[in-house]
Amino acid sequence: FAGCLAACPSKMQFAEEAAAKGDVQHGDGTTTSDYDAVLNSISTGWGHFKLLALCGWANASDAVELLAISFVITTPIECEFELSDSRKGWLTASLFIGMMIGGWMWGAFADMYGRRSTLIVSLLLNSSFALCSALANSFGLFLFMRMVSGIGVGGSMPIIFTYFCEFLPPRNRGFYMSFLAASWMLGSLLTAGLAWAILSPSECPRLDNSPTLAEQCLADAQRGCGFISEFGGKASWRVFVVVASLPSLIAAVGMYLSPESPKWLHSTGHTAAAQAILDRINASNTRDRLSSSSYETIALRLAPVPDTQVSRVAFSDALKQLWSGTASLFVGVTRRPILVLAFVWFFLCFGYYGLTLWLPEFFSRGGVSHHTDIYQVSFYNAASTLPGNILATLIVDHVGRKATFFGSALMSCIAIFLVLALNATIFSCVFAGVSVAAWNVLDIMSAESFPTSKRAAASGLLAAIGRLGAILGNLSFGEFGSDAPPPLILAGTAMLCASIASLWTSDKTLNAIH
């Protein structure tokens, strides 16, 4: 770590380089420069750590909401709402349908109205409808609530990365954003841990002779086992859904107390507000821990942007801007990255989410030992991503985004095709461990590949395309039930396509974002 950080250019070096470019020197000793030069002159420290903790919690809360549904469908709700394999597929797909709509919609709004306010609304939408879904008394109502909750999740996930990357200098942007992406693991662990504690059923073997769902539910009720958990009984799934909705609410409160993206403020003409935020972050980073009044000042100041770069959109025109903004991504310099990354997002989500959301069902149908708790296995599965998160954090700024993604996606494909020779539990852990780096890097690549005026819209659209892949993958995998070979072949092929497509992406490692 020390060697990596020592090799990074110092903020003084960046300041000297900015001055050498012809930036305007003023009589008070300050120099006006562009945003990236000013950002490079700021130390990274406590101010960035606080933002990382907040954005990390928001990202983890999205993981909780997204993964919770895969545990809910193996609870008493299966009997209460008569969930067939097809219904389970539509239930998990409803969340992704909402995320597809939310990613496209909220991403564009974040470019119009700011990252912070859009994040707050999307997080509150997620939390409120997830909470209301715990009160649903029918399958249709529960399906609708989860879909609207997905609209909130779909907006917050891509905007979190857009928001955080705009506070970071290029020299260690990949390092910090890898930590942000790694927070997904914390959400996965939290979800699996909550499911283990709240939903874990008493042991109840399935009946022989392939009974219908109604017969199995009746038999479980008569024997007092199955989904009659120690915590909450038949209502345990409602307790779990309520608890799982709280992280998003906490994240919304934290985001309300955080600053707007200075990069977005500067690009929309609010230079003074952007400079004030950068000053606060620099003060927090350099403040003497023993003396709260001692801190360094920024020598470089933000230069005002031309009026042509200022974008003020009336709410009545927002829907029109959604269409025109989306269309503008497919012309000019953004055309190639949006097309290539859309292909990568689609196939990665198709294979990964289709397989991941299918695994708990596979486990519950005998994919793991009868004496092994499926929630325990899911917890181990989430924990197994730790090595991959650490590796991605250490190499992403040195090996590069493209090479890291390609290696991770290709290894994921190989892991899937080796499953026939492995224990199911071991396979799920290996797959999670090797695929996590691809996800971490893809989030970084998506945020870095577009200009500020289109960054959130592009990230949201890519996430929406990924959710389309996840929907199709989930519905396809759901049709196979617990029959293992077809889903595994489908997932492996999709991961291979994603790895090959990534070779056409542009690597922005250590480059400034515009």
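To the nearest 0.5 Å, the span separating OG on Ser245 from CG on Leu131 amounts to 4.5 Å. Atom OG1 of residue Thr44 and atom CG of residue Asn172 lie 4.5 Å apart, to the nearest 0.5 angstrom. Here the CD1 atom belonging to Ile151 is positioned 5.5 Å from the CE atom belonging to Met105, to the nearest 0.5 angstrom. Interatomic distance, Leu386 CG to Ile390 CD1, rounded to the nearest 0.5 Å: 4.0 Å. Note that the SG atom of Cys132 and the CZ atom of Phe142 stand 12.0 Å from one another [nearest 0.5 Å]. Of the inter-residue distances, the one linking Leu278 atom CG with Lys263 atom NZ reads 10.5 Å to the nearest 0.5 angstrom.
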Exercise for the section: Could you please spell out the steps behind the side-chain contact (heavy atoms from CB on, under 4.5 Å) verdict for Val436 and Trp184? Expected result: CA-CA 9 Å; Val436 67; Trp184 189 269; over 6 Å; no

Exercise for the section: Go through the steps to decide whether Met495 and Ile416 satisfy the test side-chain contact (heavy atoms from CB on, under 4.5 Å), and finish with yes or no. Expected result: CA-CA 9 Å; Met495 299 298 282; Ile416 292 173; 3.9 Å; yes

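Crowding of Met147 atom CE: a count of heavy atoms from other residues, nucleotides or ligands under 6.0 Å exceeding 12. Around the CZ atom of Phe330, the shell of radius 6.0 Å holds more than 12 heavy atoms that belong to other residues, nucleotides or ligands.
One N or O on the side chain of Ser408 and one on the backbone of Val434 form a donor-acceptor pair closer than 3.5 Å. With hydrogens and angles disregarded, no donor-acceptor distance shorter than 3.5 Å links the side chain of Lys454 to the backbone of Leu329. Between the Ser248 side chain and the Ser127 main chain, no donor and acceptor come within less than 3.5 Å of each other. At distances below 3.5 Å, not a single donor-acceptor pair connects side-chain atoms of Asn282 with backbone N or O atoms of Ile42. Of the possible polar contacts, one joining the Asp111 side chain to the Ala456 backbone as a donor-acceptor pair under 3.5 Å is found.
Closest approach of Trp264 to Ala110, counting heavy atoms only: NE1-O, 3.7 Å. Summarising the geometry of Arg115 relative to Glu166, their closest heavy-atom pair is NH2-OE2, 2.7 Å, with the distance given to 0.1 Å. Counting all heavy atoms, side chain and backbone alike, Ala252 lies closest to Leu124 at CB-CD2, 3.7 Å. Closest approach of Glu260 to Ile277, counting heavy atoms only: O-CD1, 3.3 Å. Closest heavy-atom contact between Asn59 and Ser183: ND2-OG, 3.1 Å. Residues Thr162 and Ser459 share a closest heavy-atom pair of OG1-OG, 3.5 Å.
The side-chain heavy atoms of Ser156 and Trp106, taken from C-beta on, include no pair separated by under 4.5 Å. Cys165 is listed as a side-chain neighbour of Arg455, based on a closest heavy-atom distance under 4.5 Å. Residues Ser61 and Leu123 have side chains in contact (heavy-atom distance under 4.5 Å, counting atoms from C-beta outward). Using a 4.5 Å heavy-atom cutoff, the side chains of Val396 and Arg401 are in contact. Looking only at side-chain heavy atoms (C-beta outward), Tyr113 and Val121 stay at 4.5 Å or farther from each other. Annotation: side chain of Asp62 is in contact with side chain of Ile160 (closest heavy-atom distance under 4.5 Å). Side chains of Arg116 and Ile120 form a contact here, defined as non-hydrogen atoms less than 4.5 Å apart. Leu341 has its side chain within reach of Ser449: a pair of non-hydrogen atoms, C-beta onward, lies under 4.5 Å apart.
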Could you give the side-chain donor-acceptor pairs of residues 485-494 under 3.5 Å, partners two or more places apart or in another chain?
residue : atom : partner : partner atom : Å
Thr493  : OG1  : Ile489  : O            : 2.9

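Contacts of Ala501 classified as side-chain contact (heavy atoms from CB on, under 4.5 Å), with partners at least two apart in sequence or in another chain: Phe343, Val344. Under the side chain to side chain donor-acceptor pair (under 3.5 Å) criterion, Trp345 pairs with Ser446, not counting sequence neighbours. Legend: residues meeting side-chain contact (heavy atoms from CB on, under 4.5 Å) with Ile500, ordered by chain and number and at least two apart, are Leu496, Trp504. Looking at residues two or more places apart in sequence or on another chain, you find no side chain to side chain donor-acceptor pair (under 3.5 Å) involving Asp443. For the side chain to side chain donor-acceptor pair (under 3.5 Å) test, residues two or more places apart in sequence or in another chain that qualify with Ser149 are Glu65, Asn126. Residues passing the side-chain contact (heavy atoms from CB on, under 4.5 Å) test with Phe164 are Leu51, Leu52, Cys55, Leu168, Tyr176, Met177, Leu180, sequence neighbours excluded. With sequence neighbours excluded, the residues satisfying side-chain contact (heavy atoms from CB on, under 4.5 Å) with Leu95 are Leu66, Ile69, Met99. Contacts of Trp439 classified as side chain to side chain donor-acceptor pair (under 3.5 Å), with partners at least two apart in sequence or in another chain: none. For Phe167, the ring pair (Phe, Tyr, Trp, His ring centres under 6.0 Å) test picks out Tyr163, with sequence neighbours left out.
Every pair tested for salt bridge (Lys or Arg N to Asp or Glu O under 4.0 Å) that includes a residue from residues 37-60 fails, sequence neighbours excluded, so the list is empty. A side-chain hydrogen bond (donor to acceptor under 3.5 Å, both in side chains) check over residues 325-338, counting only residues at least two apart or in different chains, returns the pairs Trp104-Thr326.
If you check the side chains of Ser133 and Arg146, you find a donor sitting under 3.5 Å from an acceptor. Asn440 and Asn389 form a side-chain donor-acceptor contact under 3.5 Å, judged by distance and modelled atom types alone.
Evaluated for a side chain to side chain contact (heavy atoms under 4.5 Å, CB included) with Phe350, the options Leu468, Ile471, Leu472 yield exactly one hit, Leu472.
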